[in-house]
Amino acid sequence: MSELDLTALPRPVKQPWQVRNPRNTWLVAAASVLPMLLSVLITVVANIDATLATILVFLPLQIIASVGVGQYIFGKKGRGDAILVIFTIFFSTLVGVLLVSVMFSVVVDGLRAMSPQFFGQNNHYISSTTSLEYGGVGHAILGTLLIVGLTTLFTIPLGILIAIYLTETRGRMRSTVRTLVQAISGLPSVVSGLFIYAFLIAPSFSSHGLTQQAGWVGSVALFPLMLPTVARIAEEALRLVPQELRNGAYALGAPAFKAFWQVTLPAAKSGLITAALLGVARIIGETAPLILTTAPSNDTNLNPFVGQIATLPTYLYGYINQVQATSQQRAWGAALVILILVFVLFTLARVLGSAKSTKAKKRK
Amino acid sequence: MENIATSASHLRSEDVNVWFGERHVLKNVSLNFPSNQVTALIGPSGCGKSTFLRTLNRMHELIPSAGFAGKVLLDGHDIYDHDVDPVDVRLNIGMVFQKPNPFPTMSIRENVLSGLKLTGRRGYNASELVETSLRRASIWNEVKDRLNDPALSLSGGQQQRLCIARSLAMDPEVLLMDEPCSALDPGSTRRIEETITELSDSMTIVIVTHNMQQAQRVSHQTAFFLAEEGNPGRVVEFGKTDDVFNSPIDPRTNDYVNGHFG
Ligand SMILES: Nc1ncnc2c1ncn2[C@@H]1O[C@H](COP(=O)(O)OP(=O)(O)OP(=O)(O)O)[C@@H](O)[C@H]1O
Ligand SMILES: [Mg+2]
């Protein structure tokens, strides 16, 4: 018997599953390009509306072409696959286009108002005829951050505690609590605002009210909107941690809270961050509760407990109803700033969520 | 390893009965596990071996539908006594599960030390403990250069040995092992068996196995479990391993150990 060669070999450049029949490649390429070209031609020649043509000309042509090619290459089963693929791509593109066009219009209209002072200045001394070079949403950004931050401060711990109660304990009230959380999640935001308004503010007209409109009242009105989102997603995240992991910790003699703290929680970490984030995203653009519970302001107010305070949604709402072009542009600018804020938050959460794995590697 | 006269505990079950919901799955299991002895639990799939093992360190009660009656005595004290904390029980009676379950957010090294951290122990030499535990679980040579890699980067069999190392680091008085070698190659299996033999110098060991040769190689005594059609599982035969395998009293034991059913 000859000597066995045990040394490692270099990886082949091309993997077997990447090798394609060149004729099939051409067919697939043709099937993905020709229907498009043909329908553009038909649309132009017959002068049909583009949206109509997409559905009545392009889609049927594309299906015929793909089914034909699918049938040719894979036989009978290729037909079903081809239809499935075409519908998936077509409708996901449709949704994608809608989403992008919404974003696009916000960005295009918003960009016109964008400038450094739009972020940095407040609205002091700004009238409806002031040009866009003056004034901005700085005060509204701060107000939104303060109010949303305050809500987040007590909602995230409470939401996660509810999730812990639902998944990690055998408490008798679990189904009641779960139903209650679900019920709250159906609460329309305007009702939440109205409720807080009626309870905390309205009596003040006869000077019996607990408080006047203020940032913290807005935070309270946002609380029932954020809580169910956080609690439900956090519950899902904790439920995804396999029971075997908890058992592994218990079998080593870990007390329940340490097992939770050192095993369950780290395993659910990225899910919990997602819960917090989607909670913030849920309320950051809420308008109705804030209109009812906060008083708009043109000045910067860093105290969410006293006085008028601006937020991005109420700023937007205040300006979009006015007729002047500059006012409307300020509103679009505020919309873009909200989008940017959400984007920054999501990026931040991604970074935080993946920080753990790199740390585990580095530690010696 | 020298033969040290040790303080390993002895364990004893008296009329252990188990239910899941209303279903009676184990009936009147009374077994004695003398200190420093290895006991093998054998029997067909589904007869209640894993379930019985879990009653021995109070992991059983973590299953919501679990029911239990009977006694489990550790050095004469009932671990099911109302003023015994199950956490203390599990500290003394370690367990290796049928399916490997390393902690996915921890590195290999952190997994070995996880028990000590989880129980708040202090004053140990970490790197020494990591090395001896991994050596005893016969996985040291494979992982010594990648101790900080995530535990999930290991193969299934390596993960199982890591879980064994994790239990060994806690130095329990009794070690319960549920088919610890079912995912291992013959070489690792042999080394784990050697480890079990060494460990019995300082521990009392209960091992569930489907491998008859393994039961004969490592155990001093053997209990044969059987659940007949619709009835709860019971111990059909219990005695010295030699006797159970070579001169069983019950004909069903004879059939099982010779591979005629199960
Ligand atoms: N969590 C549970 N809930 C309900 N029934 C269970 C549960 N765990 C086990 N059982 C039932 O209890 C019986 C004994 O199961 P057990 O896991 O102890 O068997 P086993 O002897 O370890 O089998 P195997 O050799 O396949 O591991 C089985 O009939 C099983 O269906
Ligand atoms: Mg089992």
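Computed over heavy atoms, backbone and side chain alike; hydrogens, waters and symmetry mates excluded.
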Qualifying ring pair (Phe, Tyr, Trp, His ring centres under 6.0 Å) pairs with a residue from residues 71-96 of chain B, counting only residues at least two apart or across chains: Phe68(B)-Tyr80(B)
Residues in residues 47-63 of chain B near chain A [non-hydrogen atoms, under 4.5 Å]: Met59(B), Glu61(B), Leu62(B), Ile63(B)
Residue pair Gln262(A), Thr105(B): steps toward the side-chain contact (heavy atoms from CB on, under 4.5 Å) verdict: CA-CA 9 Å; Gln262(A) 293 182 22; Thr105(B) 53; over 6 Å; no
Residue pair Arg166(B) / Gly248(A): nearest heavy atoms and the distance that separates them: NH2-CA, 4.0 Å
Pro172(B) portion near chain A, given a 4.5 angstrom heavy-atom threshold: neither
Glu128(B) atom CD, neighbour heavy-atom count above 12 within 6.0 Å: no
Neighbour count >12 (heavy atoms, 6.0 Å) for atom CD, Glu22(B): no
Leu252(A) CG to Lys117(B) NZ distance, which is reported to the nearest 0.5 Å: 13.5 Å
Proximity of residues 84-94 of chain B to chain A, residues having a non-hydrogen atom under 4.5 angstrom: Val87(B), Arg90(B), Leu91(B), Ile93(B), Gly94(B)
More than 12 heavy atoms from other groups under 6.0 Å of CZ on Arg170(A): yes
Heavy atoms of other groups near Lys258(A) NZ, more than 12 under 6.0 Å: yes
Region of Phe103(B) in contact with chain A, defined by heavy-atom distances below 4.5 Å: both
Over 12 foreign heavy atoms within 6.0 Å of CZ, Phe154(A): yes
Pairs touching residues 157-187 of chain A that satisfy ring pair (Phe, Tyr, Trp, His ring centres under 6.0 Å), sequence neighbours left out: none
Heavy-atom pair of closest approach, residues Thr119(B) and Gly253(A): CG2-O, 3.3 Å
Minimum-distance pair of heavy atoms, taken over all atoms of Ala254(A) and Leu118(B): CB-CB, 3.7 Å
